[in-house]
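First up is the structure itself, then whatever we jot down about it.
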Number of protein chains: 2
Amino acid sequence: MITTEVNGIPVPTLRRLPSYLQFIRALAATGRDVVSCTHIAEHLRLDATLVRKDLQTTGIVGKPKVGYYIPALIEAIEHLLGWDNVTDAFLVGAGNLGAALMGYDGFREHGLNIVAAFDVDPRKVGRMLHDKQVLHLDRFADLAARMHIHIGIITVPEQHAQEVADLMVLSGIKAIWNFAPADVHVPSGVIVENVRLSASLAVLSTRLAATLRAGQN
Amino acid sequence: MITTEVNGIPVPTLRRLPSYLQFIRALAATGRDVVSCTHIAEHLRLDATLVRKDLQTTGIVGKPKVGYYIPALIEAIEHLLGWDNVTDAFLVGAGNLGAALMGYDGFREHGLNIVAAFDVDPRKVGRMLHDKQVLHLDRFADLAARMHIHIGIITVPEQHAQEVADLMVLSGIKAIWNFAPADVHVPSGVIVENVRLSASLAVLSTRLAATLRAGQN
DNA sequence: TAGATTGTTAATCGATTAACAATC
DNA sequence: TAGATTGTTAATCGATTAACAATC
């Protein structure tokens, strides 16, 4: 029921690749042109064999004793993730969270370009958000179809998340990045990626409780 | 190297518990007082046995043919996650993302209360953010110690994440929830939970590419 | 009672780690 | 050359799923 592989790449691998990419991009910026698994693994506190296996999914081969050629590695990871082409996206919910995502330039380096924000609040519609217009939600379907938008980002309050998701599906959106603290349901064929902050917080809270308890002994 | 269990609870279980909690809280609000694993599993599209095993970690026992008593289940999950007590937290970075987190009331139901925001930008310091003051970062260490704050939330740009983390560690913070798109390093004994949006986006991008490719055939 | 659901043990599956030959 | 690192296969580990008796 849960997809464990995408395109033959295990999901855990897929989730680690951006960390590798970030690190080797930083290395590239310092002028280095080769890197070993050992080096990456140390920085990210992972097992070197795990890194090697992950990198193998990109098809890149390294040189024994030397490592991997950084420019080729960057290109291969970007290509595997589809980040070598920037895809346009629409965002719904022009609140603080929406504004934060609109204002983050780094997404361009992750293949994502948020081209417009939508809202129903008349105080927000018509304003500019980080050089992008805030449009009324009524215009979503028409514009999404005309501009061939495939990615929708949900940053509305919990109670409106499902209706926004429904609108996105009707408008031909193929992938939804959901930041609302509610699971949204969509027909099969449409992808949903839920950003579950509560899952992250659960790990944090429980770890903290465990260390505080240990500290008192 | 990676912790797979916290307090004897596997991390994957820990990450699913908030979803269960959200669902059964919603059921409780409709007046229901029992729920079966089958019912939870269907809603969240998980295997019923998996849900049963996860719920067993809370220590709650169900009744065959009936299910679990909802109020006891809610209490047990909240207790396990430490969400039955609200913990105060400080946030650093009063930008849009910081404002979004400050304004989200739902954290109170997740055991988290952000009591103040800090920044170095003179245009932000002194202002109010969702009824909480924005203070100068210089005051972080002193106030954290005096108020016995254990949780720090980082919502500053990438390039300042590590220095903020260092300050938090020096100030006695025991757990850092890091929203900056950069891994921060801390001494052992301090917990870091990184919210890696790029990991989530990697899964979304790759799935989308796979379905678009499939659609063209 | 009959049947749905729990609790529990065993089987499977997949991800991570260990071992080691090949090689630059 | 010697030693570090790759690529690859095998072993381990842990998480999920299947099977099934107990029970309300």
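Numbered from 1 within each chain, the chains take letters A, B, ... in sequence-line order. Only this structure's heavy atoms are used, side chains among them; waters, hydrogens and symmetry mates stay out.
Whole-Å rounding puts the A:D47 CG to D:dA11 P distance at 18 Å. In this structure, A:I60 places its CD1 atom 13 Å from P of D:dT6, rounding to the nearest Å. For B:L55 and C:dT8, the CG to P distance is 14 Å, given to the nearest whole Å. Atoms CD (A:E42) and P (D:dA4) sit 13 Å apart, rounded to a whole Å. Here the C1' atom of nucleotide C:dT8 and the CG atom of B:L50 are 15 Å apart, to the nearest Å. For the pair B:I9 CD1 and D:dG14 P, the interatomic distance rounds to 15 Å; values are reported in whole Å. Atom C1' of nucleotide D:dA15 and atom CG of B:D54 are separated by 10 Å, given to the nearest angstrom.
Base engagement by A:K65 is indicated by at least one non-hydrogen atom pair under 4.0 Å involving a base atom. Residue contacts shown for B:S36 are limited to sugar-phosphate atoms, with no base heavy atom under 4.0 Å away.
Closest contact between the side chain of B:V61 and the listed nucleotides C:dG7, C:dT16, D:dC24 involves C:dG7. Listed nucleotides: C:dT6, D:dT16, D:dA15. Nearest to the side chain of B:C37: C:dT6. Checking D:dT8, D:dT6, C:dG7 against the side-chain heavy atoms of A:Q56 singles out D:dT8 as nearest. Candidate nucleotides D:dT17, C:dC24, C:dT17 were compared by shortest atom distance to the side chain of B:T49, and D:dT17 ranks first. Closest to the side chain of B:T38, from the set D:dT16, C:dT6, D:dA18, is C:dT6.
Taking a pair to require two hydrogen-bonding distances under 3.5 Å in either a Watson-Crick or a G-U wobble arrangement, D:dT12 pairs with C:dA15. Searching all strands for a Watson-Crick or G-U wobble partner of D:dT5 with both distances below 3.5 Å returns C:dA22.
Close to D:dT6, at under 4.0 Å from its OP1 or OP2, lies no side-chain N or O of A:Y69.
Between the side chain of B:K174 and the main chain of A:L212, no donor-acceptor pair closer than 3.5 Å is present. Side chain of B:Q162 to backbone of B:H185: a donor-acceptor contact under 3.5 angstrom is found. Side chain of A:T211 to main chain of A:L208: a donor-acceptor pair is present (N/O by atom type, distance under 3.5 Å, no hydrogens or angles).
For the pair A:R16 and B:R52, nearest-nucleotide mapping onto DNA chain C gives the more 5' position to B:R52. Mapping A:V66 and A:K53 onto DNA chain D by nearest heavy atom places A:V66 at the nucleotide closer to the 5' end.
Note on ring orientation: taking the six-membered ring where Trp is involved, the planes of A:F23 and A:H43 are parallel (angle under 30°, cut-offs 30° and 60°).
The side-chain heavy atoms of B:L112 and B:W177, taken from C-beta on, include a pair separated by under 4.5 Å.
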